There are 2 protein chains.
Amino acid sequence: MAAPPHPRSTREKLLDAALATIRARGYAATTVEEICAAAGVTKGAFFHHFRNKEDLGVAAADHWSATTSDYFRTADFHRHADPLDRILGYVDLRRQLVRGALADFTCLVGTMAQEVYQSHPAIRDACGRSISAHAATLEADMEAAIAARAPDCNVTAKSLALHTQAVIQGAFILAKATGDVATAADQIDHLRRYLALLFSVPTGA
Amino acid sequence: MAAPPHPRSTREKLLDAALATIRARGYAATTVEEICAAAGVTKGAFFHHFRNKEDLGVAAADHWSATTSDYFRTADFHRHADPLDRILGYVDLRRQLVRGALADFTCLVGTMAQEVYQSHPAIRDACGRSISAHAATLEADMEAAIAARAPDCNVTAKSLALHTQAVIQGAFILAKATGDVATAADQIDHLRRYLALLFSVPTGA
DNA sequence: GACGCCGTACCAACCGGTCGGTAATGCTTT
DNA sequence: AAAGCATTACCGACCGGTTGGTACGGCGTC
């Protein structure tokens with residue numbers, strides 16, 4: 001934490017390069033030399049900062065967690081007074097982000113987890129922590145919304161928070177498989193509709 | 001079509017071995033020698049049946065399509081007279097399948113698409129075809145259910161059919177990332193609840 | 001002058017793919 | 001049906017290039 005302001009450290013440059021490359025080509029297919037080239041350093045620097053490639057994978061997942069949690073913690077949707085409005089605001093933000101190049105809006109840890117869940121437990125755990133922690137940031141508002149608007153519905157706040165992530169991750173897979181970004185955005189619309197139905201919000205048609 | 005009944009051909013053995021290995025370790029991390037060893041043949045046989053590794057990837061996705069479409073086409077949920085019952089029957093089946101080892105119930109083409117969407121367009125397209133074709137098998141029933149029970153709701157049958165796949169794929173990612181299979185099953189419960197709400201089925205609490 | 005930081009040079013293992021050769025399986029012709 | 005021939009199916013050694021990782025040396029700074 002408390003990163004030096006402007007001159008990005010070599011470690012940070014390597015981490016940022018790793019994020020971009022892994023998001024585009026996946027963990028196994030990216031080489032450390034590729035990352036070094038993108039960061040503008042050599043392998044000597046790489047292996048000074050990371051014990052091995054797996055170590056970088058864990059650090060990349062942690063770096064991703066830090067970056068994204070900063071982004072969503074300071075996002076605009078928190079201004080809403082009502083918990084449900086904050087939830088829907090979050091969903092709307094996620095929907096807006098689905099545009100442009102696939103590698104620019106898809107999720108690093110979702111991509112990595114699929115690849116390494118069996119071969120690299122340390123990376124898998126880092127990915128799991130990242131997703132779970134992000135979902136947990138929605139839990140309190142989910143809890144409040146359930147209590148206020150769907151008290152008889154037997155869904156837990158935790159499960160519902162995770163569901164938002166499941167739909168979003170699934171949307172990314174569809175976007176990658178079909179090559180159609182609009183298809184992914186549709187999926188988030190369904191997620192919004194589900195939440196609106198569950199919390200009995202009039203949707204207008 | 002019309003495959004020889006019992007003695008599995010070498011090509012089929014290679015394809016089955018590829019499915020198992022790629023589902024466990026991903027496309028990039030599996031070597032052709034690994035696949036050969038699992039199939040009990042040598043590299044000579046492999047490169048006799050496939051031009052290169054990418055060609056195998058495409059063939060594996062197609063083989064996956066054929067296998068899974070057979071499975072779901074002959075599944076029990078088709079016995080229901082009502083389209084919505086068939087849809088919910090499908091979802092219930094998908095939920096039942098989520099158990100045991102991750103590599104045994106997760107989706108090959110979802111896994112591959114994430115990895116190769118940029119580096120191997122031919123494999124990506126095969127994965128896209130597989131998912132889209134599977135979703136399309138649900139479209140007619142979705143269409144009928146929408147017409148009968150939610151005519152004023154502006155969702156398309158195609159989009160809703162794809163949503164089932166998005167949730168299921170997302171559930172697989174969560175299962176891999178958290179290591180918890182029950183979490184994945186929960187996500188399919190949410191999918192079922194969404195469909196029930198959308199089509200105004202009383203759920204009992 | 002010791003230590004953090006990073007570049008250069010290098011290595012051993014591995015991986016996709018090739019190639020020459022062989023066994024088996026038809027297909028033809030007599 | 002036997003012989004002759006062509007094609008397919010498969011083996012396994014080999015090759016060129018790549019990859020993760022190491023050894024070491026230089027350079028700046030406190």
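Keep in mind it's a predicted model, so treat the numbers as computed, not measured. In what follows, every chain begins at residue 1, and chains take the letters A, B, ... in the order their sequences are listed.
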A/Arg25 CZ to D/dT19 C1', straight-line distance once rounded to whole Å | 15 Å
Taking OP1 and OP2 of C/dC6, is either one under 4.0 Å from a side-chain nitrogen or oxygen of A/His49?
-> yes
Sidechain N-carboxylate O distance under 4.0 Å for B/Asp104, B/Arg23 | no
Measure the distance from CD on B/Glu34 to P on C/dC14 and round it to the nearest whole Å.
-> 12 Å
Output for pair (B/His78 NE2, B/Asp141 CG), nearest 0.5 Å, gives 7.0 Å
Atom pair distance, as rounded to whole Å: CZ in A/Phe46 and P in C/dC5 | 16 Å
Candidates D/dG20, C/dG16, C/dG7 - which lies nearest the side chain of A/Val32 = D/dG20
Take A/His134 and A/Tyr90, measure what ring pair (Phe, Tyr, Trp, His ring centres under 6.0 Å) needs, and give me the verdict at the end.
-> CA-CA 12 Å; A/His134 182 64; A/Tyr90 167 80; 5.6 Å; yes
With the side chain defined as heavy atoms from C-beta on, B/Phe47 is closest, among C/dG16, D/dC10, C/dG7, to C/dG16
Does the pair B/Arg25/B/Glu34 count as a salt bridge with the N-to-O cut at 4.0 Å?
-> yes
Whole angstrom value for the distance that separates P of D/dG20 from OH of A/Tyr27 | 8 Å
For D/dC10, does OP1 or OP2 lie under 4.0 Å from any side-chain N or O of B/Thr10?
-> yes
In whole angstrom, what separates B/Leu56's CG from C/dG17's C1'?
-> 14 Å
Side-chain atoms of A/Ala45 come closest, of C/dG7, D/dG12, D/dG20, to C/dG7
Out of C/dC5, D/dG21, C/dG16, which nucleotide sits closest to the side chain of A/His48?
-> C/dC5
Rounded to whole angstrom units, what separation is found between the CZ atom of A/Arg11 and the C1' atom of C/dC6?
-> 15 Å
Non-hydrogen side-chain atoms of B/Asp186 and A/Leu162 separated by less than 4.5 Å = no
5'-most contact on DNA chain C: A/Gly40 or A/Glu33, nearest heavy atom basis?
-> A/Gly40
Quickly work out the A/Arg51 CZ to D/dT22 P distance and round it to whole Å.
-> 11 Å
Between the side-chain atoms of A/Lys43 and the base atoms of D/dG21, is any donor-acceptor pair under 3.5 Å?
-> yes
Using whole Å, report how far NZ of A/Lys53 lies from P of C/dA13.
-> 20 Å
By nearest-nucleotide position on DNA chain D, the 5'-leaning member of A/Thr31 and A/Gly44 is A/Thr31
B/Asn52 has its side chain closest, among D/dC11, C/dG17, C/dG7, to C/dG17
